[in-house]
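Just below is one structure, and these are the notes that go with it.
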2 protein chains.
Amino acid sequence: MPHDHAHDRPDAALAKAIDKLRAHDLRVTEPRKAMLAILVQEHGPFSAEELHGKLRAKECDVVTVYRSLQAMEEIGVLRRCDFGDGTYRYEFNHGEHHHHHIICRTCRSVHTLDLCVADSLERLARQMGYQNVSHTLEVFGTCPSCAAK
Amino acid sequence: MPHDHAHDRPDAALAKAIDKLRAHDLRVTEPRKAMLAILVQEHGPFSAEELHGKLRAKECDVVTVYRSLQAMEEIGVLRRCDFGDGTYRYEFNHGEHHHHHIICRTCRSVHTLDLCVADSLERLARQMGYQNVSHTLEVFGTCPSCAAK
DNA sequence: TTTCGTGCAAAACCTTTGCAAAGTG
DNA sequence: CACTTTGCAAAGGTTTTGCACGAAA
């Protein structure tokens, strides 16, 4: 095979995610498939409400979106982002490829930073005896276009 | 003068914080003084409810705690932490000395990491034209004693 | 068929807001 | 005195829960 960066082919990434659902004894339902399809293509992190809005014509209840997002985050298919504004956002977890965001304090736009500097901190935590170590890192600022105004 | 690490002397740190309130035209009230006194001594980050519980015998309403925490965070006297559990926590801001936390997913204990690795990310954000750049970085894991069980 | 997911409604939770009274500079 | 802060109650917004019905394996 060439490379298996699910990242590169949306369909493959989606299939992989669905396999992961089955592997964790989670049912592959219509709402979940619809949610994943959106999250694979539009990579920006979305809140439950936002994602529900993108599901054509009320494909399911918002509560189902909340429950599915949580379930899929727990098995590592999604990643939860916290921008400190009281709303959780989720994005598709493209494997080990870790990245972060810059969030504009004014217009709330999100820019992806394709690198991670927290590996050393995670290593330190493991040395201290912590297990299942993870982290959240978000950068905030006023984006160029908001600053211009 | 020797060194002016307000960090070293609780009273000095508190006095400095109170000066900062006045400098920003915020009133120095009993609730605020009481809250600061606690936050200067017990450095762990506290939620509004937790802090209110520490104020002896209902010194003020919880709403006042919420409002004061927010006001003091805005002028840089406090720092707001977000551990991703839906509750904001605040800690005294000891100057430029930036640090982070390891939060146990099980017992919610908080351990302070006295270093910061995100400077390069902030620098990058500034190079991209962002202004007033800041960040949040928290590490999560299962602490040694919880892992043992 | 057995187990899990869903919809609806209602609750829970943390945080914010409105307004009159009280406190600060 | 002018202005901010407080208390109380009530609202706000997001997320969670209970339970009967429906869907997946």
Side-chain angles (χ1 to χ4, degrees), chain A residues 15 17-37 45-75 77-90 103 108 136, chain B residues 15 17-37 45-75 77-90 103 108 136:
Chain A
I18 289 179
D19 285 348
K20 211 164 183 177
L21 287 186
R22 279 194 251 269
H24 287 267
D25 291 313
L26 292 186
R27 303 267 154 95
V28 180
T29 66
E30 287 308 320
R32 287 174 184 178
K33 279 191 284 185
M35 290 169 60
L36 282 174
F46 300 121
S47 69
E49 294 285 354
E50 283 169 347
L51 191 55
H52 182 247
K54 287 176 182 292
L55 294 169
R56 44 189 141 189
K58 262 190 160 188
E59 203 150 345
C60 73
D61 196 276
V62 205
V63 180
T64 296
V65 177
Y66 275 101
R67 283 193 270 224
S68 296
L69 286 175
Q70 189 176 294
M72 296 194 285
E73 193 259 334
E74 279 167 7
I75 64 169
V77 167
L78 303 183
R79 237 166 15 116
R80 195 178 80 171
C81 307
D82 189 335
F83 294 172
D85 66 344
T87 306
Y88 293 132
R89 271 160 256 259
Y90 295 82
I103 303 101
R108 289 275 134 198
T136 67
Chain B
I18 289 178
D19 284 349
K20 211 164 182 178
L21 286 187
R22 281 194 249 268
H24 286 266
D25 291 313
L26 291 186
R27 302 269 151 97
V28 180
T29 67
E30 287 308 320
R32 287 174 183 177
K33 279 191 284 184
M35 291 169 60
L36 282 174
F46 300 121
S47 68
E49 294 285 355
E50 283 169 347
L51 190 56
H52 182 247
K54 286 176 182 296
L55 294 170
R56 44 190 143 186
K58 265 192 157 178
E59 203 149 344
C60 73
D61 195 277
V62 206
V63 180
T64 297
V65 177
Y66 275 101
R67 283 192 272 222
S68 295
L69 287 175
Q70 189 177 294
M72 295 194 285
E73 193 259 333
E74 280 167 6
I75 64 170
V77 167
L78 304 182
R79 241 171 5 122
R80 196 178 79 170
C81 307
D82 189 336
F83 293 172
D85 66 345
T87 306
Y88 293 132
R89 270 160 256 259
Y90 295 82
I103 302 101
R108 289 276 135 197
T136 67

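Because the structure is predicted, anything quoted here is derived from the model rather than measured. Every chain is numbered from 1 and lettered A, B, ... according to where its sequence line falls, protein lines coming before strand lines. Values reported hereafter were calculated over all heavy atoms of this structure, with side chains retained and with hydrogens, waters and symmetry mates removed.
- Distance CD (A:Glu74) to P (C:dG5): 11 Å, rounded to an integer number of Å.
- The nearest whole Å value for the distance from the CG atom in B:Asp85 to the P atom in D:dT15 is 13 Å.
- In terms of the side-chain contact (heavy atoms from CB on, under 4.5 Å) criterion, residue partners of B:Arg67 (sequence neighbours excluded) are, by chain and number, B:Val63.
- Between the side chain of A:Tyr88 and the main chain of A:Ala48, no donor-acceptor pair closer than 3.5 Å is present.
- The stretch residues 66-73 of chain A touches DNA chain C through A:Arg67, A:Ser68, each having a heavy atom within less than 4.0 Å of the strand.
- Under a 3.5 Å cut-off, the side chain of B:His52 and the backbone N or O of B:Glu59 do not form any donor-acceptor pair.
- Under 4.0 angstrom from either OP1 or OP2 of C:dG5 there lies at least one side-chain N or O belonging to A:Arg32.
- The interatomic distance linking B:Arg27 (CZ) with C:dA22 (P) rounds to 17 Å, in whole Å.
- Shown here are the side-chain contact (heavy atoms from CB on, under 4.5 Å) partners of B:Gln70, two or more places apart in sequence or in another chain: B:Glu74.
- Between B:Asp61 atom CG and C:dT16 atom C1' there is a gap of 13 Å when expressed in whole angstrom units.
- For B:Val63, taking side-chain heavy atoms from C-beta onward, the closest of the listed nucleotides D:dT16, D:dC8, C:dT24 is D:dC8.
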Only pairs under 3.5 Å count here: list side-chain donor-acceptor contacts from residues 28-36 of chain A, not counting sequence neighbours, and write none if there are none.
residue : atom : partner : partner atom : Å
A:Thr29 : OG1  : A:Arg32 : N            : 3.4
A:Glu30 : OE2  : A:Lys33 : NZ           : 3.3
A:Arg32 : NH1  : A:Arg27 : O            : 2.9

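- For the OP1/OP2 pair of C:dG7 and a distance below 4.0 Å, the side-chain nitrogens and oxygens of A:Thr64 include at least one atom meeting the criterion.
- Put simply, CG on A:Asp82 and OG1 on B:Thr136 are 7.0 Å apart, with the number rounded to the nearest 0.5 Å.
- A:Asp61 CG to A:Leu55 CG: the interatomic distance, rounded to the nearest 0.5 Å, is 11.0 Å.
- Side-chain nitrogen and oxygen atoms of B:Thr29 include at least one within less than 4.0 Å of the OP1 or OP2 phosphate oxygen of D:dT6.
- In terms of position along DNA chain C, the nucleotide closest to B:Ala48 lies nearer the 5' end than the nucleotide closest to the other residue of the pair B:Val28 and B:Ala48.
- If you measure from atom OH of A:Tyr88 to atom C1' of D:dT16, you get 12 Å, rounded to the nearest angstrom.
- Counting only distance, with no hydrogens or angles, the side chain of B:Thr64 and the backbone of B:Cys60 share no donor-acceptor pair below 3.5 Å.
- A distance of 11.0 Å separates NE2 of A:His24 from CG of A:Asp19, quoted to the nearest 0.5 Å.
- Shown here are the ring-ring contact (aromatic ring centres under 6.0 Å, His included) partners of B:Tyr66, two or more places apart in sequence or in another chain: there are none.
- As rounded to whole Å, 18 Å separates atom P of D:dT5 from atom CD of B:Glu59.
- With axes fitted over five pairs at each extremity, the angle between the ends of the helix from C:dT1-D:dA25 to C:dG25-D:dC1 is 50° (10° resolution).
- Distance, A:Leu21 CG to D:dA25 C1': 14 Å, rounded to whole Å.
- Counting to the nearest Å, the C1' atom of C:dC14 and the CZ atom of B:Phe46 are 19 Å from each other.
- The nearest heavy atom of DNA chain D to A:Leu26 and to B:Asp25 marks one nucleotide each, and the one closer to the 5' end goes with B:Asp25.
- Between B:Glu49 and A:Val65, the one whose closest nucleotide on DNA chain C sits nearer the 5' end is A:Val65.
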